[in-house]
Amino acid sequence: MFADVIWQSRRFVKCRFVGANFQEAELAECFFEDCDFSGAQFNAATLTQCNFTNCRFVSANFFVARVLQCRLLGADFTEADLGGVTITDCDLSFANFRHQVLKKFDFHDQKLEGTDFHAADLTKANLSGADLSGANLTGANLTHADLRGAILDRIDCRAIQLSETKLDISQAIYFARCYGATVS
């Protein structure tokens with residue numbers, strides 16, 4: 001339907017793109033608010049400087065898509081296929097990545113404030129420098145993940161699975177205090 005489309009500076013509010021085909025599409029500086037992209041195909045698409053506020057991407061497919069400098073505030077990625085997607089310099093605050101398999105995912109230096117990673121598999125993920133303030137990491141697997149330089153304010157660190165996770169010294173102290181250690 002929209003395969004290979006090139007959109008520049010378009011605006012959509014409360015639109016339904018359910019099951020739409022955006023394969024190899026190029027969207028730049030577009031604005032989407034409260035839109036439903038459930039089941040949409042974004043395979044090999046390039047999304048640049050777009051705003052997707054409170055949009056649903058339930059069961060959408062982003063295989064080898066590129067998402068660059070976008071705002072995805074409150075985006076819902078329930079059961080979305082994020083295999084091979086590249087997300088760079090984005091604001092994913094309050095997005096839903098519950099139960100997602102995000103192994104080796106690169107979230108470095110991204111804004112992830114309040115993002116829901118409940119029971120997500122973030123094994124070997126790069127979260128260095130990311131703003132994870134208030135993110136829900138309950139049950140998340142951060143084995144071999146890199147958290148160095150990440151902002152962890154308002155995180156319940158006791159509910160996170162850590163094993164060989166890379167931390168900086170201030171984070172190591174923060175985690176030790178979460179478990180009742182006195183650090184002096």
Side-chain angles (χ1 to χ4, degrees), residues 34-40 42-43 47 52-67 70-183:
D34 294 319
C35 293
D36 190 352
F37 293 94
S38 295
F42 287 95
N43 300 0
L47 314 176
F52 294 93
T53 302
N54 295 322
C55 290
R56 292 176 42 93
F57 296 97
V58 175
S59 299
N61 192 328
F62 284 88
F63 185 70
V64 299
R66 295 178 343 129
V67 183
C70 291
R71 293 186 70 194
L72 293 126
L73 304 177
D76 184 358
F77 292 99
T78 301
E79 298 180 9
D81 181 353
L82 300 172
V85 68
T86 301
I87 298 176
T88 307
D89 296 326
C90 291
D91 185 347
L92 294 153
S93 296
F94 306 101
N96 178 5
F97 289 103
R98 292 175 71 87
H99 303 281
Q100 276 285 3
V101 176
L102 301 166
K103 291 180 180 180
K104 298 182 181 179
F105 217 81
D106 189 357
F107 283 116
H108 83 278
D109 294 331
Q110 311 239 21
K111 187 147 176 70
L112 300 164
E113 183 177 357
T115 297
D116 191 350
F117 289 108
H118 175 82
D121 187 351
L122 291 158
T123 302
K124 296 184 180 179
N126 182 359
L127 295 155
S128 62
D131 182 355
L132 289 159
S133 300
N136 178 9
L137 293 165
T138 303
N141 183 352
L142 291 164
T143 301
H144 294 283
D146 187 350
L147 290 173
R148 293 175 291 186
I151 299 169
L152 302 176
D153 297 340
R154 304 181 321 277
I155 298 290
D156 181 4
C157 55
R158 293 169 294 175
I160 302 169
Q161 298 175 36
L162 298 176
S163 178
E164 298 186 44
T165 304
K166 295 178 181 116
L167 303 172
D168 60 35
I169 194 69
S170 63
Q171 292 167 334
I173 292 168
Y174 178 73
F175 277 94
R177 287 186 174 148
C178 282
Y179 285 96
T182 302
V183 181

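In what follows, every heavy atom counts, from backbone to side chain, and hydrogens, waters and symmetry copies are set aside.
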Does any part of the side chain of L112, heavy atoms only, come nearer than 4.5 Å to the side chain of L127, both counted from C-beta? yes
Please report the shortest heavy-atom distance between A80 and Q100, naming the atom on each side. O-NE2, 3.0 Å
Nearest-0.5 Å distance, OG1 of residue T86 to CZ of residue R66: 7.5 Å
Would you compute the distance between atom NZ of K111 and atom OG of S133 and round it to the nearest 0.5 angstrom? 6.5 Å
Distance col, row H108:NE2 vs T88:OG1, nearest 0.5 angstrom, shows 7.5 Å
Could I get the full list of salt bridge (charged side-chain N to carboxylate O under 4.0 Å, His left out) partners for K103, not counting sequence neighbours? D121
Minimum heavy-atom distance between C55 and D34, given as atom pair plus value: SG-N, 4.1 Å
Would you please test F63 and N43 for side-chain contact (heavy atoms from CB on, under 4.5 Å) and show each step? CA-CA 5 Å; F63 185 70; N43 300 0; 3.9 Å; yes
Look at the aromatic rings of F62 and F42 and report parallel, tilted or perpendicular, splitting at 30° and 60°. parallel
D76 vs V58, side-chain contact (heavy atoms from CB on, under 4.5 Å): CA-CA, chis, key distance, verdict: CA-CA 6 Å; D76 184 358; V58 175; 3.7 Å; yes
Listed by chain and number, what are the side chain to side chain contact (heavy atoms under 4.5 Å, CB included) partners of D89, not counting sequence neighbours? Q69
Value for CG (L147) from OH (Y174), rounded to nearest 0.5 Å, stands at 11.5 Å
At their closest point, which heavy atom of R98 faces which heavy atom of D116, and how far apart are they? NH1-OD2, 2.9 Å
From S38 OG over to E79 CD, what is the distance, rounded to the nearest 0.5 angstrom? 10.5 Å
Please verify the inter-ring angle class for F97 with F77; under 30° counts as parallel, over 60° as perpendicular, anything in between as tilted. parallel
Ignoring hydrogens and angles, write down the donor-acceptor pairs under 3.5 Å from the side chains of residues 151-159, residues two or more places apart or on other chains.
| residue | atom | partner | partner atom | Å |
| --- | --- | --- | --- | --- |
| D156 | OD1 | R158 | N | 3.3 |
| D156 | OD1 | R158 | NE | 3.4 |

L102 versus A120, closest heavy-atom pair with distance: CD1-CB, 4.5 Å
Can you name the one residue among N54, D91, V67 that meets side chain to side chain contact (heavy atoms under 4.5 Å, CB included) with L72? V67
Identify the two heavy atoms, one from C70 and one from F52, that lie closest to each other, and give their separation to 0.1 Å. SG-CE1, 4.5 Å
Check whether any side-chain heavy atom of L82 sits under 4.5 Å from a side-chain heavy atom of F105, and report yes or no. yes
Could you please spell out the steps behind the side-chain contact (heavy atoms from CB on, under 4.5 Å) verdict for I160 and T165? CA-CA 11 Å; I160 302 169; T165 304; over 6 Å; no
Could you check whether any side-chain N or O of Q110 sits under 3.5 Å from a backbone N or O of I87, counting only pairs where one atom can act as donor and the other as acceptor? yes
Any donor-acceptor N/O pair, E113 side chain to G134 backbone, under 3.5 Å: no
For H144 and T123, indicate whether the former's side chain and the latter's backbone hold a donor-acceptor pair under 3.5 Å. no
Under 3.5 Å, side chain of D168 to main-chain N/O of G149, donor-acceptor pair present? yes
Using modelled atom types only, decide if a donor and an acceptor are shared between the side chain of S128 and the backbone of D146 within a distance under 3.5 Å. no
Full working for ring-ring contact (aromatic ring centres under 6.0 Å, His included) between F117 and F107: CA-CA 12 Å; F117 289 108; F107 283 116; 5.6 Å; yes
d(D36 CG, R56 CZ) to nearest 0.5 Å is 5.0 Å
